[in-house]
Amino acid sequence: MKPLETIEVLQTTFFSQRMPAPIRLRELIRTIRTARTQAEEREMIQKECAAIRSSFREEDNTYRCRNVAKLLYMHMLGYPAHFGQLECLKLIASQKFTDKRIGYLGAMLLLDERQDVHLLMTNCIKNDLNHSTQYVQGLALCTLGCMGSSEMCRDLAGEVEKLLKTSNSYLRKKAALCAVHVIRKVPELMEMFLPATKNLLNEKNHGVLHTSVVLLTEMCERSPDMLAHFRKLVPQLVRILKNLIMSGYSPEHDVSGISDPFLQVRILRLLRILGRNDDDSSEAMNDILAQVATNTETSKNVGNAILYETVLTIMDIKSESGLRVLAINILGRFLLNNDKNIRYVALTSLLKTVQTDHNAVQRHRSTIVDCLKDLDVSIKRRAMELSFALVNGNNVRGMMKELLYFLDSCEPEFKADCASGIFLAAEKYAPSKRWHIDTIMRVLTTAGSYVRDDAVPNLIQLITNSVEMHAYTVQRLYKAILGDYSQQPLVQVASWCIGEYGDLLVSGQCEEEEPIQVTEDEVLDILESILISNMSASVTRGYALTAIMKLSTRFTCTVNRIKKVVSIYGSSIDVELQQRAVEYNALFKKYDHMRPALLERMPVMEKVTTNGPAEIVQTNGETETSVLETKPPPSGLQPANQANDLLDLLGESDITPVIPTAPTIKPASAGGELLDLLGDLNLTGSPVSAPAPQIAQPPFLLDGLTSQPLFNDIAAGIPSITAYNKNGLKIDFTFERSNTNPSVTVITIQASNSTELDMTDFVFQAAVPKTFQLQLLSPSSSVIPAFNSGTITQVIKVLNPQKSCTWSLVLKASMPRSPFGFAGKEHWYRKLDGKEEENGLSPGQFVAAVMGTVYVVPLVMLVFCPLEQLGFVVCLW
């Protein structure tokens with residue numbers, strides 16, 4: 001035989017032989033389940049996928065349906081099956097129902113609107129929606145309602161609307177669900193389905209009723225107009241729900257003895273939407289809700305689901321008070337259920353309603369507290385949140401006792417939230433200051449490492465304001481930290497209190513409980529132990545070192561020991577600790593005469609409320625109006641106010657207005673020189689008369705601006721001055737007052753340069769005490785031209801609400817040290833009442849202390865320029 005003839009015979013034999021039939025889906029599932037390892041299963045899947053690909057390439061129509069079915073099973077197992085997408089489209093175009101069923105199922109699983117391939121189905125779906133067989137129409141409706149894109153929905157909405165009007169209940173229920181998907185994708189098509197919804201609720205078929213309620217719910221949620229339109233259907237919905245409750249046993253719809261609970265739940269949700277913020281609709285459904293709440297069996301989970309939806313509906317509409325109490329009692333019964341899911345749902349619902357029905361929820365307080373002992377962490381967290389919401393002034397002692405017990409035994413992830421909640425509740429409802437302090441200390445002792453960062457300063461403020469409790473508090477804190485430094489926030493508060501009130505601790509002046517006998521050395525031993533403890537954080541060591549420094553003015557026999565401790569930490573590797581020690585050493589050596597004034601006891605700290613003369617306080621659902629009384633400023637001697645001014649001067653430029661305080665009488669203390677420097681320049685030491693208390697809060701700096709001229713000419717009695725005129729730099733101040741607000745002073749600064757070189761990077765900064773408001777406008781330039789060829793102008797607006805009060809203003813100007821030769825020429829310059837003084841200052845250190853904290857500020861030039869009631873300080877770095 002010739003070679004050519006042989007090739008033709010072989011080709012004929014090959015094409016005449018059919019490929020072996022692929023295995024069935026059932027056999028594939030059985031084979032895959034026999035795999036012992038993941039690798040063996042993967043090998044089987046890859047082998048079968050290769051066979052399916054070969055069959056697809058051969059255009060085998062006989063077994064395409066079987067191959068796609070196996071591919072869908074592999075897709076369900078998590079293996080890639082995207083290469084079968086086009087085969088699904090081929091099956092959809094087939095005339096066989098079995099092929100269409102697998103094709104549509106594959107399309108719903110393998111395709112979505114993000115892939116352009118799905119658009120090829122549009123024409124097939126449209127043809128099938130008009131098919132003569134209802135089951136083919138049902139397949140098309142299911143596919144469109146599952147993965148139809150907005151383009152497909154626009155093209156096929158008309159066919160869906162036609163099927164929604166058909167008399168076939170099988171198609172109507174599927175068309176209603178498909179319409180829901182169309183509305184979600186294209187909301188503007190909502191009105192197209194409005195005529196078809198008129199007769200949907202008249203259907204006897206429960207499937208059609210169920211899907212119709214879903215469609216109405218979707219339309220009401222998306223359109224206020226539809227919501228108003230469908231409110232007239234409330235009586236019809238109430239009648240359907242009543243028939244479901246009162247109807248007898250129906251095997252077709254009965255679930256655990258309840259007639260069609262799924263339809264009941266859907267109707268209750270729709271009633272909740274229709275009755276929200278509508279009195280008439282709410283009134284129409286009150287009776288049926290009461291019937292559902294009282295007649296539904298609670299022994300099965302089906303009844304609990306209906307009751308839960310009923311409770312949500314009652315709480316969301318404008319229902320009667322008795323009905324709301326009934327709903328909360330249902331939730332209370334849920335708390336006694338053995339099912340953890342039901343208890344969790346009840347706690348969550350009660351947490352949402354506690355603010356509106358506080359008294360009704362309070363009746364179940366004991367049951368809620370018992371839930372704190374539940375083993376389920378989700379239930380425990382919800383019970384904790386609800387317990388805090390139930391705390392008020394009447395039950396604060398009992399609830400705090402339970403919550404503190406919970407704090408002792410709860411898991412670490414609960415301690416932070418529980419501690420924060422106890423802090424807030426104790427601050428809001430504390431019956432006494434001693435109880436408040438004891439509660440906070442108990443929390444710090446139990447879960448100190450988990451409290452928020454602001455717990456320490458808040459407790460310090462509470463202790464400072466409780467003057468009569470200082471001895472009791474410092475004694476309790478001293479006992480709490482004996483031998484245990486693990487709770488760092490507790491150690492920090494204890495260190496601060498020992499530093500402030502160590503003299504009360506040593507003296508044993510405690511009337512609240514039996515005093516303890518403590519010596520000065522024992523107190524210092526505790527603080528030194530904190531300093532060297534491995535458990536102490538850097539912040540805690542800073543508290544301890546500052547406390548030791550404060551005790552140098554409160555103890556008499558251990559000052560030398562304190563000096564040694566402070567000097568040791570001057571070489572600490574902790575930069576913060578080293579800086580504190582160096583500053584305290586400088587205070588001992590160079591400014592020892594100022595030490596008693598700088599380290600004296602902290603004054604009472606008051607919280608300032610800026611919400612106006614009255615605010616509404618929401619207290620667990622009970623609205624109360626609390627009038628914020630503006631107290632007149634204290635007239636007692638407060639030497640720390642002078643140091644407070646220094647803190648304002650040396651701090652940041654963020655100026656926040658506070659309630660004005662009256663000027664204090666200058667004390668005759670060892671720190672008088674510092675107070676003279678930063679005070680009201682009344683060097684005679686005679687008392688300064690305090691102005692009348694000002695009740696109204698100061699107006700904002702720019703309030704009252706109108707179209708009239710804002711400022712007068714240079715105000716009489718405030719002449720222009722030359723604040724600084726050295727090294728070629730001249731700074732002049734001129735003053736104006738506002739027409740609209742006489743308390744506003746406008747200071748215009750003009751800086752000129754007479755040297756041969758330009759001054760660059762000129763920055764002028766200002767700071768005022770917190771009783772003033774300051775507005776610093778931008779300068780005209782940052783470069784001062786040489787040879788007086790130009791000036792820099794900058795405007796400062798200052799509001800002084802205390803017109804008769806003497807105050808100080810700090811102005812900072814920065815400029816390059818070259819060519820002025822400022823480097824190495826560090827001194828201070830003071831101009832007072834026309835007299836000039838100039839002294840050297842050792843290496844540029846200006847020491848100031850505020851509230852027991854020492855600040856060392858390097859200065860090149862310090863200039864004082866008093867002007868009537870305005871005292872200016874110009875600092876040139």
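Keep in mind the model is a prediction, meaning the values are calculated, not measured.
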Exercise. Check the pair E218 / R222 against salt bridge (charged side-chain N to carboxylate O under 4.0 Å, His left out), numbers first and verdict last.
Key: CA-CA 6 Å; E218 186 69 24; R222 292 186 173 270; 2.5 Å; yes
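- We find that D417 and R381 are joined by a salt bridge, their nearest charged nitrogen and carboxylate oxygen being less than 4.0 Å apart.
- The closest donor-acceptor contact from the side chain of T296 to the backbone of A293 lies at 3.5 Å or more, if one exists at all.
- Checking side-chain atoms of T356 against main-chain N and O of T353 turns up a donor-acceptor pair under 3.5 Å.
- Side-chain atoms of S409 come within 3.5 Å of backbone N or O of Y405 as a donor-acceptor pair.
- Under the 4.0 Å criterion applied to side-chain N and carboxylate O atoms, E188 and R154 are assigned as salt-bridge partners.
- In terms of modelled atom types and a separation under 3.5 Å, the side chain of Q264 and the main chain of S259 share a donor-acceptor contact.
- Side chain of Q137 to main chain of L129: a donor-acceptor pair is present (N/O by atom type, distance under 3.5 Å, no hydrogens or angles).
- Among pairs with a residue in residues 263-274, those fulfilling salt bridge (charged side-chain N to carboxylate O under 4.0 Å, His left out) read R269-E309, R272-E309, at least two apart in sequence or across chains.
- Side-chain atoms of N395 never come within 3.5 Å of backbone atoms of G398 as a donor-acceptor pair (strictly under, hydrogens ignored).
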_If you apply the rule ring-ring contact (aromatic ring centres under 6.0 Å, His included), what do you find for F334 with Y308, and how did you get there?_
CA-CA 9 Å; F334 282 176; Y308 177 64; 7.2 Å; no
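- Proximity of a side-chain donor or acceptor of D260 to a complementary backbone N or O of L263 within less than 3.5 Å is detected.
- Between R324 and E320, none of the side-chain N atoms (NZ, or NE/NH1/NH2) sits under 4.0 Å from a carboxylate O, so this pair counts as no salt bridge.
- Of all the heavy atoms in I306 and L268, the pair that sits closest is O-CD1, 3.8 Å.
- R276 has a carboxylate O that lies under 4.0 Å from a charged side-chain N of D316, or vice versa, which qualifies the two as a salt bridge.
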